[in-house]
**Student:** 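Just dropping this structure here.
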Amino acid sequence: MKTTVTGDRPEATDADEAAGRLTVLWRRLLHDLRNPLFLNGYALMANTGVTAVLGMGYWLLAARLYSPEDFGRSQALITAMRLFAGLTALGLTGALARFIPVAGRRTGGLIGRGYLISTLTAVVAAGAFLLTLPFWGENYSTLAGVGPGLFFLASVAIWSVFTLQDVALAGMRKAVWVPVNSFSFGLVKMGLLVALAGALPDDGIYVSWVVPTALALIPINILIFGVLVPRHAKLAPAGSRPPRLREIGRFLAGDYPGAFSILAIVYFLPVYVASRVNGEMFGYFSIPQTLGAMIELLAINMATSLTVEGAGDRSMLAANCRQALRRAYMIIIPVVAVTVVAAPLILAVFGPGFAEHGAPLLRLMAVAVLPRVLIEIYLSGLRARSDARTLAVVQIGLAVLVLSSSVILLPVAGITSVGYGLLFSEVLVALLILPGLRRILGGSATPRSSNAREASETASWST
């Protein structure tokens with residue numbers, strides 16, 4: 001490397017140019033971190049990164065310490081637990097992200113009711129699942145009996161609250177605590193996994209997943225209700241109107257069917273696959289499916305932050321959408337490229353069977369995240385504008401496409417069918433929503449729906 005002279009000024013060396021680019025990136029990052037949209041979004045993306053790294057370590061240890069059958073069966077149990085925990089919790093995440101920023105003094109009650117409703121619904125649904133165990137195949141047969149059944153119900157309740165606490169933090173613009181929680185949770189989970197390998201060779205994976213989750217609830221919810229909720233209430237703008245129950249109910253009526261549809265993709269589809277394959281093959285499916293879902297979370301996390309900011313200031317929605325879209329692709333495109341190229345190497349660390357059976361699925365799921373970014377930004381724009389009807393139509397349509405195509409292809413393509421179903425469905429939906437997304441990015445006026453309805457509702461409540 002050398003420096004040449006032109007006139008009186010030396011040309012910049014490669015090192016100088018690289019240092020200059022790093023300086024620009026560093027200044028841009030510091031500027032972004034002063035914007036709540038990006039601070040929350042980056043914190044949630046960092047949480048995804050922390051979860052991915054520790055999750056990889058956790059499942060690598062599990063693959064080494066437990067038999068392939070126990071590994072896959074435990075994955076099936078965890079997937080079922082998350083399915084029932086998310087039945088209401090995932091439906092409430094959009095509502096909490098939408099209404100916590102404007103809830104003011106009612107923030108604590110809003111979060112608490114969300115916890116209660118989600119937990120009760122999840123436990124009832126999980127109880128019905130336990131009563132129909134023979135239908136769900138051999139991977140779930142270990143839940144038979146009073147002891148295993150009660151432990152499963154408790155784990156569902158625990159995970160239900162765990163699902164909502166992160167969005168509660170994000171809604172109060174305190175998502176920086178989310179990766180801290182995930183890091184601590186991940187370390188404890190890995191330590192317990194190793195400790196239980198000898199004592200509980202059959203169920204150590206499942207127990208090591210549930211116990212740290214229960215422990216993590218205590219300090220985080222002390223922080224939420226003891227510190228952050230009172231502070232959030234004090235910072236509410238003068239004259240702000242907390243959301244009415246009717247307003248929240250109307251939002252949920254439109255948002256929940258769509259969220260339930262997404263739940264079907266994320267959790268019901270793996271449970272269905274687990275009921276149709278043996279434990280070892282489900283283990284080969286679960287790792288690439290988990291990694292693919294983590295990449296997808298990068299898009300969802302930025303979109304969650306966008307919903308929070310859009311709820312607080314709709315006049316900035318178009319600008320925030322454009323910036324969130326650019327930032328999301330800046331992060332996701334390199335991640336997808338690396339995953340597509342290195343999928344066999346990534347999975348090979350778990351064993352040769354994972355690379356052989358799971359690499360095509362991981363590649364397809366990674367590529368499917370690219371159109372998913374467009375879909376998630378569009379959905380968050382709809383949430384911020386309270387356009388619940390369109391929100392439900394898009395999400396239900398996506399779920400129907402993914403589920404039907406995956407189920408149809410499963411006998412032919414095996415576990416890779418889920419990857420084909422996701423890619424086909426998300427590309428098609430992204431193409432269909434492009435006109436609406438362009439209107440949001442262009443700053444088109446908020447539909448009459450939201451503003452007019454809110455004005456009329458305010459008048460009705462005042463009378």
Side-chain angles (χ1 to χ4, degrees), residues 43-67 70-86 89 115 118-119 122 126 142 147-148 150-170 174-228 267 283 286-287 289-291 293-294 297 301 349-350:
L44 292 172
M45 285 184 165
N47 176 63
T48 301
V50 169
T51 303
V53 172
L54 293 179
M56 282 277 288
Y58 176 87
W59 291 118
L60 179 60
L61 284 173
R64 296 286 185 268
L65 294 172
Y66 296 82
S67 69
D70 289 332
F71 179 89
R73 182 176 51 78
S74 296
Q75 281 271 17
L77 294 177
I78 291 169
T79 301
M81 173 191 74
R82 298 176 75 174
L83 167 66
F84 295 109
Y115 283 0
S118 176
T119 300
T142 56
L150 290 176
F151 187 82
F152 181 72
L153 293 177
S155 69
V156 167
I158 290 166
W159 195 262
S160 181
V161 176
F162 190 79
T163 301
L164 290 178
Q165 68 180 16
D166 285 357
V167 75
L169 291 168
K174 298 300 179 183
V176 291
W177 287 101
V178 177
V180 175
N181 179 45
S182 294
F183 182 75
S184 303
F185 166 68
L187 289 181
V188 174
K189 187 171 63 173
M190 291 173 68
L192 194 58
L193 175 74
V194 176
L196 293 176
L200 293 173
D202 296 333
D203 301 310
I205 296 176
Y206 186 58
V207 173
S208 72
W209 190 281
V210 175
V211 173
T213 308
L215 296 176
L217 298 184
I218 299 172
I220 291 298
N221 282 287
I222 290 175
L223 173 67
I224 289 174
F225 290 100
V227 179
L228 299 181
Y267 295 124
S286 61
I287 291 298
Q289 193 268 342
T290 299
L291 295 176
M294 286 180 179
L297 273 176
N301 287 338
V349 299
F350 296 94

**Student:** Please report the closest heavy-atom contact between S118 and L164, naming both atoms and the distance.
**Tutor:**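 Scanning both residues completely, I find the closest heavy atoms to be CB-CD1, 3.8 Å.
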**Student:** Going by the rule ring-ring contact (aromatic ring centres under 6.0 Å, His included), which residues pair with F71 if we only count those two or more places apart in sequence or in a different chain?
**Tutor:**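 Applying ring-ring contact (aromatic ring centres under 6.0 Å, His included) to F71 gives W59, F354.
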**Student:** Roughly how far, to the nearest 0.5 Å, is CG of L77 from CZ of F151?
**Tutor:**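 Here the rounded value is 10.5 Å.
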**Student:** Assert yes or no for the condition that the ring centre distance of W209 to Y206 is strictly below 6.0 Å.
**Tutor:**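 Aromatic pair excluded; centres sit 6.0 Å or further apart.
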**Student:** Can you name the salt bridge (Lys or Arg N to Asp or Glu O under 4.0 Å) partners of R73, sequence neighbours left out?
**Tutor:**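 In terms of salt bridge (Lys or Arg N to Asp or Glu O under 4.0 Å), with neighbours along the sequence ignored, R73 is linked to D70, D203.
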**Student:** Heavy atoms, side chains only, cut-off 4.5 Å: are I287 and Q75 in contact?
**Tutor:**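 Touching, per the 4.5 Å side-chain cut-off.
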**Student:** Return the minimal non-hydrogen interatomic distance between A122 and A85, and the atom names on each side.
**Tutor:**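 In terms of heavy atoms, the two residues are closest at CB-CA, 3.9 Å.
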**Student:** Could you check if a side-chain atom of Y58 sits within less than 4.5 angstrom of a side-chain atom of I205, using non-hydrogen atoms only?
**Tutor:**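 Counting from C-beta outward, Y58 and I205 do come under 4.5 Å.
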**Student:** Can you tell me how far CZ of R82 sits from OG of S155, rounded to the nearest 0.5 angstrom?
**Tutor:**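 Result: 12.0 Å between the selected atoms.
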**Student:** Can F152 and T142 be said to form a side-chain contact (heavy atoms from CB on, under 4.5 Å), step by step?
**Tutor:** CA-CA 11 Å; F152 181 72; T142 56; over 6 Å; no
**Student:** Anything under 3.5 Å between a donor and an acceptor, one on a side chain of residues 214-227, the other on a protein residue two or more places apart or in another chain? List them.
**Tutor:**
unit_1: N221; atom_1: OD1; unit_2: Y115; atom_2: OH; d: 2.7
unit_1: N221; atom_1: ND2; unit_2: Q165; atom_2: OE1; d: 3.1
unit_1: N221; atom_1: ND2; unit_2: L217; atom_2: O; d: 2.8

**Student:** Within the 4.5 Å heavy-atom criterion, are T79 and S286 side-chain neighbours or not?
**Tutor:**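 Counting from C-beta outward, T79 and S286 never come under 4.5 Å.
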**Student:** As an exercise, state the distance from CG of D202 to OG of S67, rounded to the nearest 0.5 Å.
**Tutor:**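 Between D202 CG and S67 OG, I get 7.5 Å after rounding to 0.5 Å.
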**Student:** Atom CG of L83 and atom CD1 of I78: how far apart are they, to the nearest 0.5 Å?
**Tutor:**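 Rounded to the nearest 0.5 Å, the CG-CD1 separation comes to 13.5 Å.
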**Student:** Can you measure from CH2 (W159) to OG1 (T119) and round to the nearest 0.5 angstrom?
**Tutor:**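 W159 CH2 to T119 OG1: 13.5 Å, rounded to 0.5 Å.
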**Student:** As a test of understanding, state which of V188, V207, L193 forms a side-chain contact (heavy atoms from CB on, under 4.5 Å) with P212.
**Tutor:**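 So, applying the side-chain contact (heavy atoms from CB on, under 4.5 Å) to P212 and each of V188, V207, L193, only V188 qualifies.
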